[in-house]
Protein chains: 2
Amino acid sequence: MSTREEIIQLGDHLIREKGFNAFSFYDISKRLKIKNASVHYHFPTKSDLGQSILKNQTGKLEELIERTKQMDPVKKLNEFLSIYNKIKSEGRVCLVGSLATDLNTVDAKMQKDLKAFAARTLEWVTHILEEGRQQNVFSFTTSARTKALLIITNMLAALQLSRLTGEKDFYTIRQTILKELKA
Amino acid sequence: MSTREEIIQLGDHLIREKGFNAFSFYDISKRLKIKNASVHYHFPTKSDLGQSILKNQTGKLEELIERTKQMDPVKKLNEFLSIYNKIKSEGRVCLVGSLATDLNTVDAKMQKDLKAFAARTLEWVTHILEEGRQQNVFSFTTSARTKALLIITNMLAALQLSRLTGEKDFYTIRQTILKELKA
DNA sequence: GTCTATATTCCGATAGAC
DNA sequence: GTCTATCGGAATATAGAC
C-alpha cells in the first residue's frame with residue numbers, strides 16, 4: 001500500500017475511533033514513522049485528507065454495490081449489516097455518525113462529500129428493501145425508504161449506544177432488525 | 001441564572017452543536033463576556049465542566065421522570081420524544097450521541113457519568129414501553145428493553161443522519177415509531 | 001517524497017492582584 | 001468572583017534542503 005493510501009486508511013480509523021477534531025497529523029506521522037511535513041505533502045490541509053477519506057469510502061461502497069449486484073436481497077442486506085459488524089469488532093463507530101456530530105466544524109467540501117456518501121448509502125439500502133419486498137422475502141408496512149432510514153439509524157446508533165450500555169446490545173439490535181423484516 | 005449555571009448550559013449547547021473537542025473555554029468566555037480565567041474558576045478542568053453538564057442533564061431527566069409519573073404511557077412516550085424534537089429544532093444532536101463518538105478522548109469520570117445517563121434513559125423508556133404494553137396501548141414483539149434500544153437508536157441517529165439526508169427525515173422516523181407502536 | 005526547522009495560532013491551565 | 005498576564009504544550013501549516 002502506498003504512503004498516501006496508508007494515511008487515508010489510518011485517518012479513517014482515527015476519525016471513527018476518536019473523532020475528526022481529536023486526531024492530529026502527528027498521530028498519523030507517528031504511526032507511519034514519517035514526519036508531519038510528509039503527511040502535509042500528500043494532504044496539504046486536514047480537510048483535503050477528510051475529503052479523500054470520504055471519497056475512498058464512497059468508492060468502497062460502489063464496489064460493494066457492484067460486487068453484490070447478482071445476490072439475492074437477503075444476502076445483500078447481510079453484506080450491508082456486515083459493515084457495522086466489522087466496525088463494532090474494532091470498537092469504532094461509523095464514518096457518517098462520527099462526522100455528522102462534527103458537521104458544523106468541517107468545511108463545505110467535506111460536508112458535501114459526507115452528504116453524498118450518506119445519500120448513496122440510503123439509496124442502496126432502499127433498493128435492497130424494495131427488491132426484497134417484491135420477491136416476498138422482506139415484509140414491512142412503510143415505504144422502502146422509510147424502512148431504510150429506520151434500519152440505518154438503528155445500526156449507526158447501535159455502534160454508539162452500545163459503547164455505553166454494553167456491547168451485546170449491538171448484536172441484539174442487529175438480530176431484531178433481521179427478525180422483524182422476515183416475511 | 002448564576003454564571004456557573006450559564007456556563008453549564010452553554011457548554012451543553014456547544015457539545016451538541018460542535019462536539020466536546022471542538023469547543024473551547026474561549027468560546028464560553030466570549031459568549032458570556034467574562035474571561036477565560038473566570039470559567040476556570042468555576043470549572044478547573046474541561047472534564048470538570050463535562051461532568052457537571054452530564055450531572056445536570058441526569059438531574060433534568062430525573063425531574064422529567066418524576067413530573068410525568070402520573071401520566072399514561074402514551075403521554076410519557078410523547079414527553080420522551082419531545083426531547084429530541086427540541087434538540088432538532090435547535091439543529092443540534094443529543095448529548096449521548098455526541099459524547100459516545102468522543103468516548104475515547106474523555107477521562108474515566110466523564111465516561112462513567114455518560115454511561116450512567118445512557119443507562120437511566122434506557123431504563124426509563126423500557127419502563128414506559130412495559131407499562132404501555134400491559135395497558136394494551138402499545139404493541140411490540142420483542143422485550144421492552146430491546147424495543148427501547150430500537151426507539152432510542154432511531155431517535156439518536158435521526159438527529160445525526162437528518163443533518164445529511166434532509167431535516168424532514170427526522171419527522172418521518174419519529175412518526176413511524178409511533179405508528180408501529182400503536183396497539 | 002521525505003526531511004529539518006520554524007511560523008503561527010490556539011488551547012487548557014495557573015499565579016497573583018483586585 | 002473576576003481580572004491581567006503568562007506558561008507550556010499541541011495543532012495546522014509552510015519554507016527550503018536533500
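Both backbone and side-chain heavy atoms feed into the values below; hydrogens, waters and symmetry mates do not. Below, chains carry the letters A, B, ... as their sequence lines are ordered, and counting in each starts from 1.
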*asked:* Rounded to whole Å, please give me the gap between OH in A:Y26 and C1' in C:dA5.
replied: 16 Å
*Using a cut-off of less than 4.0 Å, is there contact between a side-chain N or O of A:S38 and OP1 or OP2 of C:dG1?*
no
_Gap between atom CD1 of A:I8 and atom OG of A:S52 - 0.5 Å precision_ = 5.0 Å
*In whole angstrom, give the distance that lies between atom CG of B:D48 and atom P of C:dA13.*
8 Å
*Can you establish whether the number of heavy atoms outside B:Q175 located under 6.0 Å from its atom CD is more than 12?*
no
*asked:* Please confirm whether the shortest side-chain N or O distance from B:T3 to OP1 or OP2 of D:dT2 is below 4.0 Å.
replied: yes
*For the pair A:R120 and A:E123, evaluate side chain to side chain contact (heavy atoms under 4.5 Å, CB included) and give the outcome as yes or no after the intermediate values.*
CA-CA 5 Å; A:R120 187 69 179 105; A:E123 188 180 38; 2.9 Å; yes
*asked:* Distance check needed: D:dT2 C1' versus B:I7 CD1, whole Å only.
replied: 11 Å
*Between atom CZ in B:F25 and atom P in D:dC3, what is the gap in whole Å?*
15 Å
_B:I28 CD1 - C:dC11 P separation (whole Å)_ = 12 Å
*Report the nucleotide, chosen from D:dA13, C:dA13, C:dC11, that has the shortest atom-to-atom distance to any side-chain atom of B:N36.*
C:dA13
_Please report the distance, rounded to the nearest Å, between CG in B:L49 and C1' in C:dC11._
14 Å
*With a 4.0 Å cut-off on heavy atoms, is B:Y41 in touch with a base, just the backbone sugar-phosphate, or nothing at all?*
base
_Pair B:K69 + B:E66: basic N to acidic O under 4.0 Å_ = yes
*Does a nitrogen or oxygen in the side chain of A:H40 sit under 4.0 Å from OP1 or OP2 of D:dA15?*
no
*Interatomic distance where NZ belongs to B:K46 and C1' belongs to D:dA10 [whole Å]*: 13 Å
*asked:* Checking A:F43 against A:I28 for the side chain to side chain contact (heavy atoms under 4.5 Å, CB included) test, could you report, in this order, the C-alpha distance in whole Å, the side-chain angles of both residues, the deciding distance, and whether it holds?
replied: CA-CA 12 Å; A:F43 304 98; A:I28 289 173; over 6 Å; no
*Base, sugar-phosphate, or nothing: which does A:K35 touch, judged by heavy atoms less than 4.0 Å apart?*
base
_Counting only side-chain heavy atoms from C-beta out, which of C:dT2, D:dA11, D:dA13 sits nearest to A:H42?_
C:dT2
*Could you work out which one of D:dT12, C:dC3, C:dT14 sits closest to the side chain of A:A37?*
C:dC3
*With a non-hydrogen cut-off below 4.0 angstrom, is B:F23 in contact with a base, only sugar-phosphate, or nothing?*
sugar-phosphate
*Once you round it to whole Å, what is the distance between C1' of D:dC3 and NZ of B:K33?*
17 Å
